[in-house]
Amino acid sequence: ADGFYKSKISYEFINPFPNNGVFTVKCGRKWGILYPKLKKTPVFVFDDIMDIEDGLIAVQQHGKWGFADTNGKILINCQYKMVAPFFENRAMVQLENDKWCVIDKLGKRIGTSIYSDVQSYTRGLAAVRNESQDPWHFIDLNGETVFTLNMLDRPVVNDEGYVYVYDSKQEQSKYFD
């Protein structure tokens, strides 16, 4: 029937939530990118793959993570221990020393700080901390500290921009805006 793509390959897994008509698919031990509208057979070259965010896909090759465009072309070399997907043109990447830093879509490091714990950007802010016993800071898209929460518990930023944190010392939940 018109409008439907019937693949000649049986996939082990198909991400059921396409991003702009692009699916991530697994065949055997490798992952690829499927464009049903192009009726092109995907090339399976990635060891692992994350969802498409901000137009880029976090991909793993030979045990290292990097980023590819939706055509599968590597834009940021697979050189990181772990990555978080891009949001708002920024991604958190884990270095070999287990510390994290922020990069842009060109792979350029934003700021000079490195962090022991991070969360992805939401509404222009990301929660970070320098060491596991340090309080959490919120940084902007330039890596500058905007404010500090004097709490050790992991904060959560929702889509509306509110910060929620459970304060284990006082055994209560707190919200900030």
Distance from [X] atom [atom1] to [Y] atom [atom2], nearest 0.5 Å?
| X | Y | atom1 | atom2 | result |
| --- | --- | --- | --- | --- |
| Leu95 | Tyr80 | CG | OH | 7.0 Å |
| Cys78 | Trp65 | SG | CH2 | 8.5 Å |
| Ser113 | Glu144 | OG | CD | 8.0 Å |
| Ile74 | Gln79 | CD1 | CD | 11.0 Å |
| Asn130 | Tyr115 | CG | OH | 7.0 Å |

Chi angles and distances behind the side chain to side chain contact (heavy atoms under 4.5 Å, CB included) call for Leu125, Val146: CA-CA 8 Å; Leu125 295 175; Val146 177; 3.8 Å; yes
Given 3.5 Å as the limit, does a donor-acceptor pair link the side chain of [X] with the main chain of [Y], or not?
| X | Y | result |
| --- | --- | --- |
| Asp54 | Glu88 | yes |
| Arg90 | Leu141 | yes |
| Asp140 | Asn142 | yes |
| Asp104 | Leu106 | yes |

Under the side chain to side chain donor-acceptor pair (under 3.5 Å) test, residues paired with Asn89 that sit two or more places apart: Lys105
Does the side chain of [Y] come within less than 4.5 Å of [X]'s, by heavy atoms?
| X | Y | value |
| --- | --- | --- |
| Arg109 | Val93 | no |
| Glu53 | Asp51 | yes |
| Phe67 | Val83 | yes |
| Thr24 | Leu34 | no |
| Trp31 | Val59 | no |
| Phe44 | Cys27 | yes |
| Val128 | Phe138 | no |

Provide the closest heavy-atom pair for [X] versus [Y] in the form atom of the first, atom of the second, distance.
| X | Y | result |
| --- | --- | --- |
| Ser120 | Phe87 | CB-CD1, 3.8 Å |
| Ala84 | Ala91 | O-CB, 3.5 Å |
| Ile49 | Gly32 | CD1-O, 4.1 Å |
| Thr70 | Ile52 | CG2-CG2, 4.0 Å |

Side chain to side chain contact (heavy atoms under 4.5 Å, CB included) assessment of Ile103 paired with Lys108: CA-CA 5 Å; Ile103 62 168; Lys108 180 181 166 205; over 6 Å; no
Which residues pass the salt bridge (Lys or Arg N to Asp or Glu O under 4.0 Å) test with Asp47, not counting sequence neighbours?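 Salt bridge (Lys or Arg N to Asp or Glu O under 4.0 Å) list for Asp47, sorted by chain: Lys30.
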Walk me through it: do Gln60 and Phe46 pass the test side chain to side chain contact (heavy atoms under 4.5 Å, CB included)? CA-CA 6 Å; Gln60 185 186 49; Phe46 304 115; over 6 Å; no
By the side-chain hydrogen bond (donor to acceptor under 3.5 Å, both in side chains) test, which pairs, at least two apart or in different chains, include something from residues 91-100? Lys64-Glu96, Lys81-Asp98, Lys99-Glu131
With side chain to side chain contact (heavy atoms under 4.5 Å, CB included) as the test, would you mind laying out the steps for Phe86 and Ile76 before giving the verdict? CA-CA 12 Å; Phe86 269 91; Ile76 299 172; 3.9 Å; yes
Salt bridge present between Asp117 and Arg129 (N-O < 4.0 angstrom):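 Arg129 and Asp117: salt-bridged.
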Which of Thr145, Val118, Ile110 passes side-chain contact (heavy atoms from CB on, under 4.5 Å) with Ile139? It is Thr145
